[in-house]
2 protein chains.
Amino acid sequence: MSDQAVLDQIVRKLSARGDLDDGDRAAIHALPYVRRAYEAPAYVLREGEPAKKVCNFVVSGLAYRQKLTSEGARQIVSIHMAGDFLDLQHLFLTYADHSVQALTRLDVAEIDRDALHELVLQRPAVGRAMWTDALVDASIFREWVLNIGRRDARARVAHLLCEFALRMEAAGIAEHHRYELPMTQEQIGDAVGLTPVHVNRTLRALAADGLIRRERRHISLENWEEIRQVADFSALYLHLDPASPAGG
Amino acid sequence: MSDQAVLDQIVRKLSARGDLDDGDRAAIHALPYVRRAYEAPAYVLREGEPAKKVCNFVVSGLAYRQKLTSEGARQIVSIHMAGDFLDLQHLFLTYADHSVQALTRLDVAEIDRDALHELVLQRPAVGRAMWTDALVDASIFREWVLNIGRRDARARVAHLLCEFALRMEAAGIAEHHRYELPMTQEQIGDAVGLTPVHVNRTLRALAADGLIRRERRHISLENWEEIRQVADFSALYLHLDPASPAGG
DNA sequence: CGACTCGTTGAGTGATATCAAACCCGGTGG
DNA sequence: CCACCGGGTTTGATATCACTCAACGAGTCG
């Protein structure tokens, strides 16, 4: 992907969150950044470090945020894909409260943090779009709290699969409720608070019931309406379409 | 509390997140708002509604955010206290993805949303402080995901108690790791993903081990260092002191 | 004093974890 | 081309933490 295309990708992403004018677009195109690639499972950011001097925008690939228990138990708290800003959650914080790692090969644009501060604080429309993006991330965290706290294993993993389907479709990297999911079952477990063996049994049960199909690392949701119900999934929390309350 | 004092409280809160100049303070003091009180368990905001035209700032009392499963299971996703903005999480979203309810009698200042938008987008220092506040909320959500996903009952409730202690002390409504906790055991369970009877047993076990003392609705943490370890608690995620990585 | 909510306790159950082994498959080196 | 290797997946047996159900107690309010 050319450098020009990266900036266009950022403009597109932000435009989806609110209208931008020519000045806004010009300001975005003036952002200083460098391209960079990480190979899984490289760290993009480590818990406890000072926040980065750059803000990573995902051009392609997947990344995840994780936190560790002192016992060494891992919890993945979110997954990110093309079009996501990885460091918005630390934009104004001084220390990283979690780590970010590449889940696959990860192409990012490292945007200068000070320049982004400037942009966010000086250009209202861009600031608004970035705010919105960060708030949607927070909304997803809340849904995960509910998912892990109050749903059983079957609903939990089904919910994760539904969320990925819609987010990947919105990001243009999936269609027809079918997508590549390059996570091991252990990682899925770390995302939904289960052990890998229970994830395995749960996935097989979903497949046996005809709700999903699995081939290699590909997942397809065979019956959206039914799996939506099993997952107790409602797309409201993704705030995909600012104009409508629900969808999905 | 006088009206003047409310605005001062807001200024104090935001100043803790970043320096404000006289212009910023004047702009805050010019914010149109009205005082309002809710009696528990009144709804401040309901999931699925359009976002409010006001942003509530908590003057005193406690509130909580909750989400429901279609089965009716409840998950409390955060608790808020004096000095917290309740609607920052929806500031730029169109629909509420969760409900907010009063946990006790709740005194708020309803700040006009458009005026707040204006302020946040036009005054960089204020915008930065508000951003920071919203990001800290998000950080707490992440810690709750970890807490619920990866810690056992004992650690989970101990963690909640530790978090309250530090946040209430920061808000000036507690000292010496002792505070009023006006939640029923059922609500505590809804916050940490446990049933009320297991919360009961867990609290008694913590008390039996001399880690906490309970009288009525008051909790005191008898041995901070020890309960901190039981809870696997580290204050980093609260971002209480922007200059230091840890504390607590 | 009765009714209600919240807290406490006990007994039995069940969902998920743990432990352990086998299997599968893609990659690598002989 | 085959043997091996290693990570990931699958399966079975057993253990356990937390849930469910049920009853009782304590405090509060009308």
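Below, read A as the first sequence line, B as the second, and so on, with proteins coming before strands; counting in each chain starts at 1. Quick caveat, the model's predicted, so the values are computed rather than measured.
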Would you indicate what [X] reaches in the nucleic acid, counting non-hydrogen atoms under 4.0 angstrom: base, sugar-phosphate, or nothing?
X: R214(B); result: sugar-phosphate
X: R154(B); result: nothing
X: G189(A); result: nothing
X: T195(A); result: base

Counting only side-chain nitrogens and oxygens, does [X] get under 4.0 Å of the OP1 or OP2 atom of [N]?
X: R151(B); N: dA18(D); result: no
X: R216(A); N: dC25(C); result: no
X: Q185(B); N: dT5(C); result: no
X: N200(A); N: dT10(D); result: yes

Discussion item. Please check if the number of heavy atoms outside E186(A) that lie under 6.0 Å from its CD is greater than 12.
Written reply: no

Practice prompt. Kindly check if the number of other-residue, nucleotide or ligand heavy atoms within 6.0 Å of CD (E71(B)) is above 12?
Written response: no

Fill in: Salt bridge flag under 4.0 Å for residues R74(A) and D190(A)
yes

Discussion item. Between Y237(A) and H159(A), is the ring pair (Phe, Tyr, Trp, His ring centres under 6.0 Å) condition met? List the steps.
Written reply: CA-CA 12 Å; Y237(A) 76 99; H159(A) 194 281; 5.7 Å; yes

Worksheet, complete the sentence: Sorted by position of nearest nucleotide on DNA chain D, 5' first, the leading residue of R150(A) and M183(A) is M183(A)

Worksheet entry | First of P196(B) and P196(A) reached from the 5' end of DNA chain D, by closest nucleotide | P196(A)

Let's see if you can work this out: which of [options] has an atom nearest to the side-chain heavy atoms of [X]?
X: V197(A); options: dA17(C), dA18(D), dT18(C); result: dT18(C)
X: R201(A); options: dG12(D), dT16(C), dG7(C); result: dG12(D)
X: R204(A); options: dA18(D), dT18(C), dT11(D); result: dT11(D)

Discussion item. For H177(B) and W224(B), take the angle between the two ring planes, folded into 0 to 90°, and tell me which bin it lands in: parallel under 30, tilted 30 to 60, perpendicular over 60.
Written reply: parallel

Fill in: Residue whose closest nucleotide on DNA chain C lies nearer the 5' end, A153(A) versus E186(B)
E186(B)

